[in-house]
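We name chains A, B, ... by the order of the sequence lines, and we start the count at 1 in each one. It should be emphasised that the depicted structure is a prediction, and the values quoted were computed from it without experimental measurement.
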2 protein chains.
Amino acid sequence: MAPTLDTVFSALADPTRRAILQMLLEDDMAVTDVAEPFEMSLAAISKHLAVLTNAGLITQEKRGRVKWCMLEPDALKSASVWMQGFGQFEPVNLDAFEAFLERELGGEPS
Amino acid sequence: MAPTLDTVFSALADPTRRAILQMLLEDDMAVTDVAEPFEMSLAAISKHLAVLTNAGLITQEKRGRVKWCMLEPDALKSASVWMQGFGQFEPVNLDAFEAFLERELGGEPS
DNA sequence: TCCATATTCAACCATCTGGTTGACGATTGC
DNA sequence: GCAATCGTCAACCAGATGGTTGAATATGGA
């Protein structure tokens, strides 16, 4: 099913899950490696990963014995768009946005 | 206490609360008026408003017998900044933002 | 084949969440 | 003063959430 704002925001509401997303920002990871820094069981992490998958925030792919977790950044799009609806009051991170543009577009020419 | 990403995201995870925020985008409102379009008790709405207040997303101010609810758009900032950390993959989508505004705000009765 | 590794499943538990109802305190208007 | 309005509080409930443990299922390697 298509992830909803409900599932995306509630997935983001948990600090463990946000930490996982940040780890995956660096690189794809196996489930066991995702779990390593946390002081909770592998099963708990497995559940968190299921929540993130359900929200469309990550995808998982089994290669051999290992299941890899990969960030799916598009999933943040709908949530981000929703939040920007409030930007008319507080120009949402124009700074961050401009920094992004500069990084992304500034390096592109040629 | 200062609102955390936890409280902000979990406040946003409920559709009733997101709808309330969108209503407040138009104008400040009394609690009773906020509750009017919803098919649930005033007490339930009162709780939702408490959650939004706790997340720093709205402020409430009692004037006489009536308690007014006002949007506090700054509160979305931290959450928005967090999300933009993933923007290196998916830039803020201005088209989608404009579409959102048109859909949510532009559809005013002629 | 047999064992170790990787991950999930199932059952269970405590706590949180979102709703209800009814009583209550505060404020206003007659 | 008294009644009506505004909103919250308290108690309660069902279901979701986040964790545990132990067993089960794949897969890979010796």
Side-chain angles (χ1 to χ4, degrees), chain A residues 1 3-24 27-72 79, chain B residues 1 3-24 27-72 79:
Chain A
M1 55 215 131
T4 61
L5 282 178
D6 282 32
T7 57
V8 171
F9 279 128
S10 75
L12 294 178
D14 184 277
T16 301
R17 288 192 291 262
R18 286 197 308 277
I20 290 173
L21 290 177
Q22 288 188 299
M23 290 163 59
L24 292 178
D27 211 348
D28 298 349
M29 295 178 80
V31 172
T32 306
D33 295 330
V34 169
E36 198 272 332
F38 298 99
E39 286 183 347
M40 69 181 73
S41 68
L42 191 57
I45 295 295
S46 183
K47 282 190 191 178
H48 280 304
L49 292 172
V51 171
L52 290 169
T53 301
N54 194 253
L57 290 163
I58 67 170
T59 52
Q60 291 180 286
E61 181 187 326
K62 192 165 182 181
R63 284 203 287 274
R65 189 160 54 164
V66 173
K67 199 164 181 183
W68 292 87
C69 307
M70 295 153 293
L71 205 58
E72 198 60 64
Chain B
M1 55 216 129
T4 61
L5 281 178
D6 281 32
T7 57
V8 171
F9 280 129
S10 75
L12 294 178
D14 183 277
T16 300
R17 289 193 290 262
R18 287 197 309 276
I20 290 173
L21 290 177
Q22 288 188 301
M23 290 164 58
L24 293 176
D27 210 349
D28 298 349
M29 294 178 80
V31 172
T32 307
D33 295 330
V34 169
E36 198 273 333
F38 298 99
E39 287 184 346
M40 69 181 72
S41 69
L42 190 58
I45 294 295
S46 183
K47 282 192 192 177
H48 280 305
L49 291 171
V51 172
L52 289 169
T53 300
N54 194 254
L57 290 164
I58 66 170
T59 53
Q60 290 180 286
E61 181 187 326
K62 192 164 182 180
R63 285 202 287 273
R65 191 159 53 166
V66 173
K67 200 165 182 182
W68 293 88
C69 306
M70 294 153 292
L71 205 57
E72 198 60 63

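- For the pair A:Glu61 CD and C:dA6 C1', the computed distance is 16 Å after rounding to whole Å.
- When rounded to the nearest whole Å, the span between CG of A:Leu49 and P of C:dT8 equals 7 Å.
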* Asked: What string of B, S and - do you get for nucleotides 22-28 of chain C, 5' to 3', when a contact is any protein heavy atom under 4.0 Å?
  -> -----BB

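- For the pair A:Cys69 and A:Val34, the tightest heavy-atom approach, listed with the atom from each and the gap, is SG-CG2, 4.5 Å.
- First and last contacts of DNA chain D with chain A, using any nucleotide atom under 4.0 Å from a protein heavy atom and ordered 5' to 3', fall at D:dG18 to D:dG28.
- Between B:Ile45 and B:Thr16, the closest side-chain pair of non-hydrogen atoms falls below 4.5 Å.
- The CG atom of A:Asp33 sits 11.5 Å away from atom CG of A:Asp28, with the distance rounded to the nearest 0.5 Å.
- Atom NE2 in A:His48 sits roughly 15 Å away from atom C1' in C:dT8 (whole-Å rounding).
- Considering OG1 of B:Thr4 and CG of B:Asn54, their distance stands at 8.5 Å, rounded to 0.5 Å.
- Atom OG1 in B:Thr59 sits 11.0 Å away from atom CG in B:Leu52 (nearest 0.5 Å).
- Taking atom CG of residue B:Asn54 and atom P of nucleotide C:dT17, one finds them 10 Å apart after rounding to whole Å.
- Rounded to the nearest 0.5 angstrom, B:Met29 CE and B:Ile58 CD1 are separated by 11.5 Å.
- The distance from the NE2 atom of B:His48 to the CG atom of B:Asp14 is 4.5 Å, given to the nearest 0.5 Å.
- Listed pair B:Lys47 / C:dG19 fails the phosphate criterion, with no side-chain N or O lying under 4.0 Å from OP1 or OP2.
- Take the nearest nucleotide of DNA chain D for A:Ser41 and for A:Ser10: the residue whose nucleotide is more 5' is A:Ser10.
- B:Leu5 has its side chain out of reach of A:Pro15: every pair of non-hydrogen atoms, C-beta onward, lies at least 4.5 Å apart.
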